[in-house]
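Counting convention: from 1, in listed order, for ligands and their atoms alike. Remember, it's a predicted structure, so these values are computed and weren't measured experimentally. These values consider heavy atoms only, across backbone and side chains, with no hydrogens, waters or symmetry-generated copies.
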Amino acid sequence: MPEEKNEFKVELFVKFLYPGIILKGDAYTYSGDKVWDGGTPFTNEIIHDLKEQGVVKIFYTRSKVAQKPSAENPMVSPQTIEKAVDISHEIEHAVSSKSIIPEKGVNEVVDGFINDVSSSEGTVLNLLELKEYDDYTYTHSINVCLISILFAKKMNYNEKGLKIIGVGALLHDIGKQMISKEILNKPLNLTRDEFEILKKHPIFGYELIKSQSSYGTLIQKVVLLHHEKYVGKGYPFGLRGEQIGEVAQIVSMADVFDAITSERVYKPARPYWYALSTIKKESGISFAPRLARAFVDDMPKYLTETEIFTKGGFVILNTGEVGEVIDYRFPQSLKPVVNVFINSKKEVVRYPIPINLEFDDSRNIENVVTDERILQRLNEIKDKILLKKEKAQYVPELEPEVIAATEIKPEEPVEIPAAIIESAQKPEQAQIDKDLFIDNETDLK
Ligand SMILES: [Fe+2]
Ligand SMILES: [Fe+2]
C-alpha cells in the first residue's frame, strides 16, 4: 500500500496485541492482506489466528497529527527508539502479568539513549519520531526519558546519575497502568473522585517497582515524587523544595514539557514557546528556580532547530503591548527583539519602539497571534506605521475585533484544571520508607 504524504505507517508486533485494542486505521499484514478494521476492537480470536498463521508484525496507516518541530540532525538513533517502544510493550506486559520488569532491556535502552545524547554535538533531540507510535503512554514516557537525560547531562550528572534519571523517567508513569483508560483520557473533565484515583499513580508505580524489579531507592523516588511541587502543593505527599530532591524535579520538568507539547485526545499539542514559558512561570512554584532557569536557558537549542518565535510574527506582551518579532540573539531565545507598535492602551503608536526583551525583565511574551484575519490587519497597520507608506500624522485606530484578539487571556488548561486540584483531599500521609526522602543524591554528578 503506497504511503501518502499526509499519512504514515504504524507497525505493531502481533505478540503485543491484546483483545480490545483499537487501531486508528485498517490493519494489514506485510503480504498485503487486510486483517482487521480500524476503529474496531481486536478480538481474542483474530489475535489467536494471526499467531497461528505465524504473522509477526502487522501495520496500519493513519493521518499525521500535529508534530513537534523536526530535527534534521536527529540526536537519537531510530534503532534505539524502536527498541524503546518494544521494551515499553514488554513493561506493560510485565505489569499486567505481575511478572518482573524487563530490567536488562530497560537498561540497554537507557544506555543507548545516554550514549546518543552524549555524542550529540550539533544535533537536536528528535522527539518527533515517537509520534509514529500510537500510544501516548509509550511515546510520553520515552520523550520524558530523553528530555530528562539530555537535561541531566547539561546539569553535569555522571553516568550513574544519568542512568538513574533515565530509568526513573522511562518508568515514571508505570503506575498509570493500574488506572482505567477512561480516567486517563479525560483529565479535563475529571470528577474529584476520579482525580483522587489518578493521584495514586505515583504510589502505584512506586509499589510496582519495589515488588517487580530490583531497582533501588533513587529510581523508586523519581517515580514516587514526579508530581511533587516545589512549594509543597503537589502529590502524593505535598513535599517541599529540597525534600523532593533534584532527580525527581528534573523528570517532573521533562514531564510537564512533554505533556504540553504533545497532542492528546482531549487537547492539541502546544508550541515549544508555550511549554518553556510555562516552566519559567512555574519557577519557584512547581520547580526549583535554579532548575527552571537552567531548563529555559539551556534546553531550547537542543530541543528544536527552528525558531521559538518566528521572525515577522506578531506577539502580545504581558503589558498588553503588541509588536513584531524582528530579531533575536539566537533563534531559540524566549526573549527576542520586538518592535512594539501597539501600546498597552491598545493605541497604535506614531513611532514604534524596538524592545530587546533580553534586557527587559519586566516584559515577557504572553501570546502569539495566529488568527489569519488579525494577522493581515496587523500587517497593514505595521506597514502604515513602520514603512511610513502613508505620510502625515495618520495613525490608524484599532478595530474592536483587533483589540479583542490582542487582549491577554487566561490560557485554556492543558492538564487537570486548578479547581479540581484545589478541591482535592489533603496529601496522603507517607506510609512509605522515610529513607527515600533523606538526601541520598550523592555521587551523581
Ligand atoms: Fe505522572
Ligand atoms: Fe507523565
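Around the Fe ion (ligand 1), the protein N, O or S atoms found under 2.8 Å comprise D173 OD1, H201 NE2, H226 NE2, H227 NE2.
Note: H201 and H172 fail the aromatic proximity criterion, with ring centroids not under 6.0 Å apart. Ring centers of F59 and Y30: under 6.0 Å apart, within the cut-off. Proximity of the aromatic rings of F151 and Y157 is defined here by a centroid distance below 6.0 angstrom, and this criterion is not met.
Of the N and O atoms on the side chains of D116 and T80, at least one donor lies less than 3.5 Å from an acceptor on the other residue.
Ring geometry for F195 versus Y235: interplanar angle over 60°, hence perpendicular rather than tilted (30 to 60°).
At a threshold of 4.5 Å between non-hydrogen side-chain atoms, the residues I142 and S88 count as touching.
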